[in-house]
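Residue numbers begin at 1 in each chain, while the letters A, B, ... track the order of the sequences.
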2 protein chains.
Amino acid sequence: MTFTPAEVLRDRGIAATAQRLAVLRAVANSPHITAEGVVAFAQADIGAISRQAVYDALGVLVNKGLIRRIQPVGSPALYEDRVADNHHHVICRICGVVADVDCAVGSTPCLRAADDMGYEIDEAEVAYWGRCPTCQAEGRTTTVLDTPSSRRQNQRRTRPEELHPTHTAKPEEISRAI
Amino acid sequence: MTFTPAEVLRDRGIAATAQRLAVLRAVANSPHITAEGVVAFAQADIGAISRQAVYDALGVLVNKGLIRRIQPVGSPALYEDRVADNHHHVICRICGVVADVDCAVGSTPCLRAADDMGYEIDEAEVAYWGRCPTCQAEGRTTTVLDTPSSRRQNQRRTRPEELHPTHTAKPEEISRAI
DNA sequence: CGTCGAATCTTGACTGAGTCAAGATTTTGA
DNA sequence: TCAAAATCTTGACTCAGTCAAGATTCGACG
């Protein structure tokens with residue numbers, strides 16, 4: 001028996017508000033979406049929704065384990081709804097696209113430190129960094145991401161999908177990591 | 001033959017300014033130091049130094065491979081001068097202290113993704129999360145870090161050394177990760 | 001069904017950790 | 001010694017959040 005998203009929320013003990021359902025749809029629509037991306041999607045989806053309500057909903061949904069929050073270095077926070085496993089991510093240093101990578105172990109912590117120095121470790125967070133197949137094919141070797149220094153003259157952010165316009169809608173698409 | 005820090009900078013093709021040498025001393029003094037911590041140390045060390053000069057020096061020193069920049073999720077950037085190996089870090093979820101962990105492999109990337117999806121991976125970034133020995137001994141289970149929500153009524157940041165005042169100056173001390 | 005308290009939303013302000021940029025100063029090389 | 005480049009100082013600005021007061025909605029209870 002499949003629960004509706006509203007039922008899932010109530011089952012976790014939180015109200016099934018229109019804003020939260022819109023946020024869930026945004027995250028389902030775009031794995032590794034930014035908070036700002038969720039705001040844009042939800043505003044198009046249900047009309048008026050405040051940024052604060054989006055941040056609140058994201059926080060609650062993460063807290064209840066319904067979505068996951070990651071944050072590669074140099075990136076705003078990203079959200080995904082793949083929460084049933086302990087997977088990792090690979091990030092392209094050039095265009096910033098983020099993809100899921102299965103964890104070879106499956107449960108946390110999936111790695112043991114050689115010497116844990118007395119720490120009680122409950123999670124090994126792994127991020128793989130490199131170049132995606134498209135940036136390799138195009139021979140790109142330096143980032144063209146919208147780092148602050150590249151934003152002179154009010155150039156706006158370059159998104160991975162701008163670099164790769166022929167990209168089909170892969171599941172790992174449309175996040176902005178760096 | 002040991003080079004002086006100034007000689008090392010010149011050898012890397014950059015000017016050995018007083019500001020950069022002060023920044024190097026700050027990072028040597030406090031592994032996993034924040035930029036703000038570097039500013040405070042350098043100001044005490046050499047008198048007047050601007051925040052911008054510290055950020056500039058940190059950027060150049062990272063770029064030249066003389067120091068390393070890490071950034072655990074939820075933390076400002078941290079700087080360390082242990083650059084000769086590919087080590088990882090363990091972060092206490094309660095007090096935020098960061099410690100170095102040797103990499104079992106030693107070279108990058110030290111892990112292979114089970115399925116790299118065509119990515120050309122050059123680094124596996126690993127962070128271990130858990131509780132430090134001191135927070136375990138004190139039975140702490142929830143963070144008392146200065147998260148924004150805990151900053152009501154203008155309470156200032158709790159630093160790991162405030163939680164553990166009897167800490168001797170361990171090498172992994174005085175950084176603030178979360 | 002009405003009421004009330006809690007939860008949530010809206011709106012606008014604020015913060016931390018950076019970055020930007022103009023002008024001044026210092027460094028370096030010819 | 002000089003000039004160009006590098007670097008520093010100073011003050012402003014940005015981004016990605018968070019804060020908080022008041023309004024609105026929701027849910028439980030009688």
Gln52(B), nearest nucleotide to its side chain (from dC9(C), dT9(D), dG17(D)) | dT9(D)
Starting from C1' on dG17(D), measure out to CD on Glu36(A) and report it in whole angstrom.
-> 10 Å
Please collect all salt bridge (charged side-chain N to carboxylate O under 4.0 Å, His left out) contacts where either partner lies in residues 16-31 of chain A, sequence neighbours excluded, each pair once.
-> Arg25(A)-Asp45(A)
Length of the line joining Leu58(B):CG and dT7(D):P, which is rounded to integer Å | 14 Å
Considering only heavy side-chain atoms of Ala77(A), the closest of dG18(C), dG17(D), dT11(C) is dG17(D)
Measure the spacing between CD of Gln136(A) and OH of Tyr119(B) and express it to the nearest 0.5 Å.
-> 9.5 Å
Check every strand shown and say whether Ala48(A) touches a base, only sugar-phosphate, or nothing at a heavy-atom separation below 4.0 Å.
-> sugar-phosphate
Nearest-Å distance for atom pair CG/P, residues Leu9(A) and dA7(C) | 16 Å
One should read off an interatomic distance between Asp81(B) CG and Ser30(B) OG, to the nearest 0.5 angstrom, of 10.0 Å
Flag the pair Leu9(B) / Leu21(B) as yes when at least one side-chain heavy-atom distance between them is below 4.5 Å, and no otherwise.
-> yes
Starting at the 5' end of nucleotides 23-30 of chain C, put B wherever the base has a protein heavy atom under 4.0 Å, S where only the sugar-phosphate does, and a dash everywhere else.
-> -----S--
Return the value, rounded to whole Å, for the distance between atom CG of Asn63(B) and atom C1' of dA6(D).
-> 15 Å
For residues Arg131(A) and Arg93(A), determine if any side-chain heavy atom of one lies less than 4.5 Å from a side-chain heavy atom of the other.
-> no
The residue, Ala35(B) or Gly13(A), whose nearest nucleotide of DNA chain C is more 5′ is Gly13(A)
To the nearest 10°, let me know how far the axis at one end of the helix from dC1(C)-dG30(D) to dA30(C)-dT1(D) is tilted from the axis at the other, five pairs an end.
-> 30°
CH2/Trp129(A) to CD1/Ile121(B) distance, rounded to the nearest 0.5 angstrom?
-> 12.0 Å
Under 4.0 Å between any heavy atoms, over every strand shown, what does Gln19(A) touch: base, sugar-phosphate, or nothing? Just pick one.
-> sugar-phosphate
Do the side chains of Phe41(B) and Val27(B) join up, straight or via other hydrophobic residues, at under 4.5 Å, putting them in one cluster?
-> no
Do His32(A) and Asp100(A) have a side chain donor and acceptor closer than 3.5 Å?
-> yes
Against the side chain of Asp56(B), the closest entry in dC8(D), dG18(C), dG17(D) is dC8(D)
Over how many whole Å does the gap from Arg69(B) atom CZ to dA17(C) atom P extend?
-> 12 Å
note: Arg12(B), atom CZ; dT7(D), atom C1'; distance rounded to Å ~ 20 Å
Rounded to the nearest Å, what distance is computed from the CD1 atom of residue Ile49(B) to the C1' atom of nucleotide dT10(D)?
-> 14 Å
Separation of dC15(D) atom C1' from Arg51(A) atom CZ, nearest Å, is 9 Å
If we ignore angles and hydrogens, is there a donor and acceptor under 3.5 Å between the side chains of His89(B) and Glu80(B)?
-> yes
